[in-house]
Amino acid sequence: MSIYEELQARGLIAQVTDEAEIRELINNGGARFYIGFDPTADSLHVGHFMALCLMKRLQMAGNRPVVLIGGGTGYIGDPSGRSDMRSMLTPEIIQHNCDCFKKQMERFIEFGEDKALMVNNADWLLDLNYIELLREVGAHFSVNNMLRAECYKQRMEKGLSFLEFNYMIMQAYDFWYLHNNYGCNMEFGGDDQWSNMLAGTELIRRKEGEDAYAMTITLLLNSEGKKMGKTARGAVWLDPGKTSPYEFYQYWRNVDDADVMKCIRMLTFIPLEEIEEMEKWDDSRINEKKEILAYSLTALVHGEEEAAKAKATATAIFSGAGDDANMPSTEIDEADIPEDGIQLADLMVICKLAESKGKAKKLIEQGGVSLDGTKVSDIFAVVSKDMLRASVKIQKGKKVFHKAKIR
RNA sequence: GGGAGAAUUCCCGAGUGGCCAAAGGGAACAGACUGUAAAUCUGUCGUCAGUGACUUCGGUGGUUCGAAUCCACCUUCUCCCA
C-alpha cells in the first residue's frame, strides 16, 4: 500500500488542494514538504506529535521534510480558530521555546543532508521591510477574501487585531520563501491551518505562476468533538519533565472506549493489517486495546524502556501487586517536616495532589484519600517523620497514586 | 475623530447600595455503580489556623456607616457614524 492510501486509511487526511497531484507526488517521494510549528510553549504537545508522525511517515516514503520553526511568526500569533488573542511573547521566551522544540524534534526525526531540514522563519521574517512587503506580497491579497476565510470567523465577532490578521500573510510568505529557496512544493498542517495554507499556494501561483500543494491532517477529536490531548491541568506534553511518561501512558490508557481505535489508527505506527485484526476483537478486550495504544505511544515518545516502566507501574498500581518503583513521587527535605510530623493535607499540597490545603481536607472529608492503602477519615491526620523516611503511598480517588518520602 | 455599550470567581453567564464568596449552566474533582471506559445519581468547587476570619467582581482614586453595584479618570473590547 502506498503512502497516500495509508494516510487515507488511517483517517489522517482532512483536506487536499489537488488529490491526484498530491497522491502522485508523495507516493513517488517527490514531495519537499514543510510543516510549521509556532513556539507558543516550551514543549511540544500531542497536536504537534501528530504532525511529527506525519512527517516521519512521509519521510519513510522517500519524501523530504522541512521543519519550520516559527521564530518569526511567533511574534504575531495565529488567530485561527481561537476566540481570544494570544498573549504576546517576548523575544527571549520565543527563543527559549524554539530551542526546546528543536531538542525534542531531534529525538524524533532524522535531520541532516538529504534528510530532514530545520529552518526558522525568524531568519527571513524579522528583516522584512514593511513598504516592500506590502508591494511585493500585500498586493496579491484580497482583503475581501481574507475576511471570508473560515479561520477568522470566530474572531470577526470577538475582535481581531491587525497584528493577528497579518498572520495569514506571514504564513503564506513562508511558503513562498521556502518554495523559492528550498524547493518546497507542499505544505502540511492541522486542519485549522487550511485557510493560511491556501493563502500560500495562491501567493506562489500569483507570483511564480507555479503550482504548490497543501494538505491538512484531521484534528484529533474525541467522541464529544473536543480536541484530544488536553487534561484539566492543560496539554499533554511530550517533555517528560512536564508530563511524566507514566502520566502520558495513563492519559492514553484512559481514553474513552469510543476513541480507542481512532487513536490507534491515527497515532500509532501499528500496521494497518494488525489494526484491522484488532477491529474484530471482542468487546471484552477493550482494555487490551487501550494498553496497546498507551504502550506504543509512550514508546514512540519516550522510548521502549520508559514505556515498559510506565506499563509495569500501572499494572502494579491497579492490580495491586508487582513493582511500583516508578510511581510518581515527591521527595521532601527532612528540614521541611516538623518534628512531630506533617498533616496529610499539607503533604498533599506539596505533592501537588491538591491545589490548597482546604481542597485536600475536602477530599479527605469526602473519602477520596487513602494512605498506604487505608482510607483516611480524619482531616487532621498526621504523617510522621518515620513513615516518611520509609515512604508513604497516597491515593487520591481511584486513579491517582503518589509516593512521598524524605530525601 | 464623534456617539452608544461591555469588562464578574477555570469558561459561559446572572447580579445594579447592605440578605453577595456572589444565582444558573458547563468544565473539573470526589463518592456510589463499573472495566483504570461511558452514562446516571450524590457531594464539593476563593484562601486560611473550618460554625469564624481574610482576599476577590478590568485598573486607580472617590462618595457612603456600608460598593461587584454610585462618581471620576485610565485600560481593553464591541456596535453605530466618519
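Throughout, a chain's letter reflects where its sequence line sits, starting with A, and its residues are numbered from 1.
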| Can the ring centres of A:Y34 and A:F188 be said to be less than 6.0 Å apart? | no
| field | Flag, side chain of A:D372 to backbone of A:K393, donor-acceptor distance under 3.5 Å | value | yes
| message | So if I take every side-chain heavy atom of A:K398 and compare against B:G35, B:A37, B:C33, which nucleotide ends up nearest? | response |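 For the A:K398 side chain, the nearest candidate turns out to be B:C33.
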Produce the list of close N/O pairs, under 3.5 Å, pairing protein atoms with atoms of nucleotides 5-8 of chain B; give distances to one decimal.
none

| Is a side-chain donor-acceptor pair under 3.5 Å present for A:H402 with A:S329? | no
| field | Pair A:D42-A:W237, side-chain donor/acceptor within less than 3.5 Å | value |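 The answer is no; no qualifying pair exists.
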| query | Which residues pass the side-chain hydrogen bond (donor to acceptor under 3.5 Å, both in side chains) test with A:Q343, sequence neighbours left out? | reply |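 A:Q343 satisfies side-chain hydrogen bond (donor to acceptor under 3.5 Å, both in side chains) with A:K357 only.
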| request: State which residues pass salt bridge (charged side-chain N to carboxylate O under 4.0 Å, His left out) with A:K361; sequence neighbours excluded, sorted by chain then number. | output: none
| field | nucleotides 47-55 of chain B: protein proximity per nucleotide (B base, S sugar-phosphate only, - neither; heavy atom, under 4.0 Å) | value | SSSB-----
Nucleotide N/O to protein N/O under 3.5 Å, stretch nucleotides 41-43 of chain B:
unit_1, atom_1, unit_2, atom_2, d
B:G43, N2, A:Q366, OE1, 3.2
B:G43, N3, A:Q366, OE1, 3.0

| task | Working to the nearest 0.5 Å, report the span between CG of A:L272 and CD of A:E277. | result |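 One gets 12.5 Å once the value is rounded to the nearest 0.5 Å.
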| query | Hey, does A:L160 reach any base, or is it just sugar-phosphate, or nothing, if we go heavy atoms under 4.0 Å? | reply |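 It contacts sugar-phosphate atoms only.
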| said: Over all strands shown, is A:A354 touching base, sugar-phosphate only, or nothing at heavy-atom distances under 4.0 angstrom? | reply: nothing
| said: Suppose the criterion is side-chain hydrogen bond (donor to acceptor under 3.5 Å, both in side chains): which pairs have a residue in residues 97-110 of chain A, not counting sequence neighbours? | reply: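 Every side-chain hydrogen bond (donor to acceptor under 3.5 Å, both in side chains) pair that includes a residue of residues 97-110 of chain A, provided the two are not neighbours, is A:S43-A:Q104, A:Q95-A:D99, A:E110-A:K115.
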